[in-house]
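Quick notes on the structure that follows.
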Amino acid sequence: MGSTSMLQFQDLNDPPAAKIVPKIEPKLEPLDEPSPPTPPPPLSTPPTLSPFAASDVFSEFSRISEMFRSAFGQCPAGNGDGSVLPEADPDSLALVPVPGTEPHLSNVTVAGARKHEQRSSELVRVTDMKSEDQQYYRGLVRKTRMLYDSLRVFAVAEDEKQKNGDTGHLLHRRTRADLKAAALMRERGLWLNRDKRIVGDIPGVTIGDIFCFRMELCVVGLHGQPQAGIDYVPASHSSNGEPIATSVIVSGGYEDDEDSGDIVIYTGHGGQDKNGKQVMHQKLECGNLALERSMNYGIEVRVIRGLKSGAAVNSKIYVYDGLYRVVETWFDVGKSGFGVFKFKLVRIENQVEMGSNVMKFAYNLGTKPLDVRPKGYVTLNLSKNKEKFPVFLFNDIDGDHDPVHFEYLTTTIFPPYVSNYGSKAGCTCTGACFNDCFCAMKNGGEFAYDMHGTLVRGKPLIFECGPKCGCPPSCQNRVSQKGLKNRFEVFRSRETGWGVRSLDMIQAGSFICEYAGVVLTREQVQIFTMNGDNLIYPSRFADRWSEWGDLSQIFSDYVRPQHPTVPPLDFAMDVSRMRNLACYMSHSSCPNVLVQLVLYDHNNVSFPHLMLFALEKIPPMRELSLDYGVADEYMGKLAICI
DNA sequence: GTGCATTCAAACCT
DNA sequence: CAGGTTTGAATGCA
């Protein structure tokens with residue numbers, strides 16, 4: 001290895017890269033027909049399943065839980081108590097045979113896909129993506145990440161159920177939900193980009209996308225190492241016998257790093273002890289050599305930044321910041337006194353702004369908005385202190401101040417007859433509610449939210465505890481009734497008119513806000529309709545709740561929640577005089593926000609609250625979007641409040 | 001193919 | 001709460 005002349009400067013203009021990195025047309029698969037490039041996941045529940053009787057619902061959750069426990073409970077089984085599952089065989093996940101299918105048949109197909117396939121070493125760069133390709137891959141990545149998040153949240157909720165009833169402490173060390181979710185997906189071949197080693201951007205992953213766990217980066221193929229900072233194609237597998245780096249994590253794990261955004265002095269790996277102290281000289285091998293070779297050939301490297309963040313559950317998040325080039329490398333004496341390799345990475349121009357910069361910008365906006373953007377604010381308090389968090393109104397492109405003229409509503413106003421209808425009963429819990437309390441039973445014997453207030457999975461209707469209940473406001477089953485949890489901004493945009501974005505990162509499954517308005521009777525609707533628009537018809541919202549927490553790709557016999565049956569929503573909401581921030585959200589057929597129906601202050605299932613939750617992790621300053629349930633081409637006419 | 005060392009995690013413990 | 005400890009999973013390499 002010593003023969004490598006490592007300090008040779010690269011010729012960025014020299015195109016040997018083309019030899020090493022064959023360009024492929026993104027014609028990875030014809031996209032006209034929806035034929036996915038990755039093996040299509042085993043499709044979900046066959047429609048032959050009999051519809052739920054209400055009484056089944058109560059057993060449904062425990063059944064799903066049981067599937068989950070079985071899937072997770074493959075520890076060192078078979079040692080002493082060989083009684084359980086015959087062998088740590090993930091195929092046994094198909095615990096309940098799908099009706100109408102031969103169990104053997106399904107086992108065979110899954111078993112074939114199950115074998116841990118090695119990551120391919122074929123190096124490619126994806127270029128010339130057409131916009132329909134981009135949409136396709138964006139959707140694929142979004143769906144994959146949603147499944148990962150759903151699984152993770154579900155696993156966390158499962159874990160919390162294992163608590164000791166007396167002490168409230170976990171009976172065992174917390175299971176790593178991030179790892180479980182990734183493992184379940186890998187067993188089913190649901191990881192992306194395993195068949196090619198991609199140099200450059202990953203289709204469907206955009207700059208600014210946020211990931212909360214290293215395994216999540218592995219799942220989408222952005223960075224394939226669960227811990228290591230440098231990902232590369234090994235020398236043994238590359239076409240010319242040289243390793244090539246594809247991505248690095250800049251996370252502060254090496255004391256000699258210097259990160260100034262567009263330019264990063266990245267320290268090579270190696271020479272550290274178990275506690276991360278530099279105790280030896282580094283060598284030009286493995287990832288270090290790969291980075292040097294990438295420099296030599298002018299091959300771009302993906303950079304993902306690990307940031308400390310109070311907003312994240314576990315205080316660290318990863319942001320995709322785009323492509324950099326290694327322009328220089330040298331051997332240096334680090335702070336420890338030991339030799340380290342250093343790589344100067346320079347961000348390639350003409351990419352959209354770095355996600356980590358946007359995050360810093362948003363953070364500063366939250367603390368000192370006028371210092372960051374002296375002009376453009378119409379008000380810093382659109383809700384006039386009715387919300388616990390500020391709602392900015394920002395317009396720097398025209399003179400429209402319209403939203404400031406409406407009375408701000410924090411919750412929907414129902415007519416009196418709505419709350420006079422139906423049962424008045426609530427639970428009688430005096431402390432925390434448990435899964436057997438009255439309100440939990442109304443939800444099928446579970447709570448819809450985990451301990452952090454995250455929606456575990458979408459349902460036709462959720463019953464939160466309410467004023468009739470004995471439990472305190474801190475009850476786990478009170479989430480959407482407590483108002484905003486983030487700082488938001490209503491902003492003017494040339495593309496979408498008014499839009500809404502958050503100054504904070506929003507976790508997938510977290511509550512955003514209510515879609516608030518004044519509920520109208522039919523007679524009132526007719527009068528209003530004569531006068532024109534500004535009416536919202538809740539029945540038109542697409543049922544996006546069904547996508548959140550849908551585990552049918554994981555459990556072949558997963559049954560989507562179908563209880564309770566909600567009659568078609570037969571009311572309209574007037575947002576012509578009183579409204580909240582929700583009605584400024586834009587429409588998208590690939591939305592990042594879902595509508596979940598919730599009852600808490602009354603029990604009339606015909607008039608639920610429309611509660612909005614995040615369908616995915618939403619980075620700060622990214623526009624929120626809802627599926628209003630109409631075709632895109634009509635939105636221009638039907639959009640509300642533009 | 002197998003075992004093993006390496007690795008800019010993540011959660012828990014002190 | 002900073003720093004140590006434990007459990008971990010993918011990968012490249014011998």
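Lettering follows sequence order; numbering is per chain, from 1.
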For A:Lys277 and A:Ala183, take the nucleotide of DNA chain C holding the closest heavy atom to each; which residue's nucleotide lies nearer the 5' end? A:Lys277
Is there a side-chain polar atom (N or O) of A:Ser236 under 4.0 Å from OP1 or OP2 of C:dC13? yes
Phosphate-side-chain proximity, A:Arg119 and C:dT11, N/O vs OP1/OP2 below 4.0 Å: yes
With a 4.5 Å limit on heavy-atom distance, are the side chains of A:Leu551 and A:Phe154 in contact? yes
Between C:dA9 (P) and A:His223 (NE2): distance, integer Å: 17 Å
Does B:dA9 have OP1 or OP2 under 4.0 Å away from a side-chain N or O of A:Ser251? yes
Would you classify A:Ala235 as touching base, sugar-phosphate or nothing, given that sugar-phosphate means primed atoms plus P, OP1 and OP2, and contacts are heavy atoms under 4.0 Å? sugar-phosphate
Partner of A:Ser251 under side chain to side chain donor-acceptor pair (under 3.5 Å), chosen from A:Arg305, A:Lys316, A:Arg214, A:Lys308: A:Lys316
Taken to the nearest whole Å, CD1/A:Ile230 to P/C:dC13 is 12 Å
Could you tell me whether A:Gly276 contacts a base, only the sugar-phosphate backbone, or nothing, with contacts defined as non-hydrogen atoms closer than 4.0 Å? nothing
Distance check needed: B:dA9 C1' versus A:Arg176 CZ, whole Å only. 6 Å
For the pair made of CG in A:Asn275 and C1' in B:dA9, what is the distance, rounded to whole Å? 14 Å
Remember a base hit wins even if backbone is also touched, and classify A:Pro234 as base, sugar-phosphate or nothing at under 4.0 Å, heavy atoms. sugar-phosphate
A:Arg119 and side chain to side chain donor-acceptor pair (under 3.5 Å): which single residue from A:Asp195, A:Asn193, A:Asp231 fits? A:Asp231
Which nucleotide wins on minimum distance to the side chain of A:Gln225, given the candidates B:dC8, C:dT11, C:dA9? C:dT11
Looking at every strand, decide which applies to A:Arg305 at a 4.0 Å heavy-atom threshold: base, sugar-phosphate, or nothing. nothing
Taking only the side-chain nitrogens and oxygens of A:Lys316, find out if one of them lies under 4.0 Å from OP1 or OP2 of B:dA10. no
Return no unless some side-chain N or O of A:Tyr232 is found under 4.0 Å from OP1 or OP2 of C:dA10. no
Length of the CZ-P vector between A:Arg197 and C:dA10, whole Å: 14 Å
For B:dC8, is there a stacking contact with A:Tyr266, counting only centres under 5.5 Å and planes under 30°? yes
Using the C1' atom as the point on both nucleotides, what is the distance between C:dT5 and C:dC1, in whole Å? 16 Å
Nearest-Å distance for atom pair CD1/P, residues A:Ile249 and B:dA10: 9 Å
Does the ring pair (Phe, Tyr, Trp, His ring centres under 6.0 Å) test come out yes or no for A:Tyr266 and A:Phe343, once each step is laid out? CA-CA 5 Å; A:Tyr266 192 79; A:Phe343 301 91; 7.3 Å; no
Aromatic ring pairing A:Tyr449/A:Phe613, orientation class (parallel under 30°, perpendicular over 60°, tilted between): parallel
Please give, in whole Å, the distance from C:dG12 C1' to A:Asn288 CG? 14 Å
Identify which one of A:Trp330, A:Tyr254, A:Phe331 satisfies the ring-ring contact (aromatic ring centres under 6.0 Å, His included) criterion when paired with A:Phe341. A:Phe331
Base, sugar-phosphate or nothing for A:Gly224? Non-hydrogen atoms, less than 4.0 Å. sugar-phosphate
Indicate, with a heavy-atom threshold strictly under 4.0 Å, whether A:Asp231 touches base, sugar-phosphate, or nothing. nothing
Tell me whether the OP1 or OP2 atom of B:dA11 has a side-chain N or O from A:Arg214 closer than 4.0 Å. no
Considering just the side-chain nitrogens and oxygens of A:Arg186, establish if one lies under 4.0 Å of OP1 or OP2 belonging to C:dT11. yes
For B:dC8, which nucleotide in any strand shown is its Watson-Crick or wobble partner with both distances under 3.5 Å? none
Rounded distance (Å) that lies between atom P of C:dA9 and atom CZ of A:Phe213: 14 Å
